[in-house]
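Atoms within each ligand, like the ligands themselves, are counted from 1 in listed order. Remember, it's a predicted structure, so these values are computed and weren't measured experimentally.
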Amino acid sequence: MIGVLALQGDVREHLRSLTSCGAQARPVRRPAELAAVDALVIPGGESTTMSKLADIFEMREPITERIAAGMPVYGSCAGMIMLATEVLDGRPDQRGFDGIDMTVRRNAFGRQVDSFEAPVRLAGVPGEPFHAVFIRAPWVERVGDGVEVLGRVGAGPAADRVVAVRQGNLLATSFHPELTGDLRLHRYFVDLVRDRG
Ligand code: GLN
C-alpha cells in the first residue's frame, strides 16, 4: 500500500500511475493515514505551501520519523525539494523532511525556461530515455556520499544537470513522470517497495 501525500500538488496523477503499476495507492493527509501505508510519494506542486501544510496537518514529524526508519519515499519536483537536507533559493521558513543528503536549488532552470522538456536516461531503467517534463523544477547541486546519481539532463542549455537521485529507499526526480504516462519510474519505485516488503 503506497500513500500519496495529499496536502497539495498533483496527487491524482501519482495515484493513477501507481495503480496502473499494480500497486494499491491512497491519498495521505493525516498521521493515522501515514501509519497505514508502506511507502509514500510526495508529488509535484509548491514546496513552500507543502511545508506550511505539513505543519498545519501535523505531518512533519511523523514523515521525518518514518523516513529515518527506512520507509521508501519517492519525491517528484516539489517532492524532491521536500526530501532534500538543504535547499537553495527557498523561502527562509520552508522546511523539508531531512531525507536525502543533497543540496537542491529551487526553480533552478530560471525564468527563461520556466517549463521545458528534455531526454533523461535513468540508471537502472532500461529502454529509451525518459521524455522528462520540467515545471519550475529544482536541480541537484551537491550529493552526499550515500547518494547515487541516477540521471542527468540529456541535452539543451541545462545538459548534465543532475535531476534524479537515490539514497537507499529514497528516490527523487526533478521531473514529472506522472504527467507523461511513462510508468517506468513508478514501476521502479513499486519494485523497490516490494523488495523491501
Ligand atoms: N517550484 C516548485 C517548488 O518550489 C516546484 C514545482 C513543481 O513541483 N512542479 O516547490
Query raised in the report: Among Arg106, His176, Met82, which residue places a heavy atom closest to atom 4 (O) of ligand 1?
Result: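 Among Arg106, His176, Met82, the closest heavy atom to atom 4 (O) of ligand 1 belongs to Arg106.
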Query - ligand 1 atoms in contact with Gly44 (distance to a heavy atom under 4.0 Å) - result: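 Listed by number with element: 8 (O).
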Report task. State the atoms of ligand 1, each with its element, that fall below the 4.0 Å cut-off from a heavy-atom position in Ile81. Result ->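 Every atom of ligand 1 under 4.0 Å from some heavy atom of Ile81: 3 (C), 4 (O), 10 (O).
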Query raised in the report: Tell me: protein heavy atom nearest atom 2 (C) of ligand 1, and distance?
Result: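 Protein heavy atom at minimum distance: Glu46 OE1, 3.4 Å.
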Report task. Please determine if Arg29 forms a cation-pi arrangement with Phe57, meaning its NZ or CZ atom is less than 6.0 Å from the six-membered ring centre and no more than 45° off the ring axis. Result ->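 So Arg29 doesn't make the cation-pi contact.
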Report task. For the pair Tyr74 and His186, name the ring-plane relationship: parallel under 30°, tilted 30 to 60°, perpendicular over 60°. Result ->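 Because their plane-to-plane angle is over 60°, the rings of Tyr74 and His186 count as perpendicular.
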Query raised in the report: For atom 1 (N) of ligand 1, what's the nearest protein heavy atom and its distance?
Result: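 Minimum-distance protein heavy atom for atom 1 (N) of ligand 1 reads Asn107 OD1, 2.6 Å.
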**Report entry** Spatial distance of atom CD (Glu46) from atom SG (Cys77) [nearest 0.5 Å]
**Finding:**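 Here the rounded value is 9.0 Å.
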**Report entry** CG-CE distance between Leu170 and Met80, expressed to the nearest 0.5 angstrom
**Finding:**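 Spacing of CG (Leu170) from CE (Met80) equals 12.0 Å.
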Query raised in the report: Can you tell which of Pro43, Gly45, Ser47, Ser76 gets a heavy atom nearest to atom 5 (C) of ligand 1?
Result: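 Result: the heavy atom closest to atom 5 (C) of ligand 1 is in Gly45.
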Query raised in the report: Quick one: does Cys77 get an N or O within less than 3.5 Å of an N or O on ligand 1?
Result: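 No; the residue has no nitrogen or oxygen that sits under 3.5 Å from a nitrogen or oxygen of the ligand.
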Requested in this report: Tell me whether Val162 is reachable from Leu171 by hopping between hydrophobic residues (I, L, V, M, F, W, Y) whose side-chain heavy atoms are closer than 4.5 Å.
Outcome: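 No, no single cluster joins them.
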Query - CD (Glu117) with more than 12 external heavy atoms under 6.0 Å - result: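 Atom CD in Glu117 is packed in, count exceeds 12.
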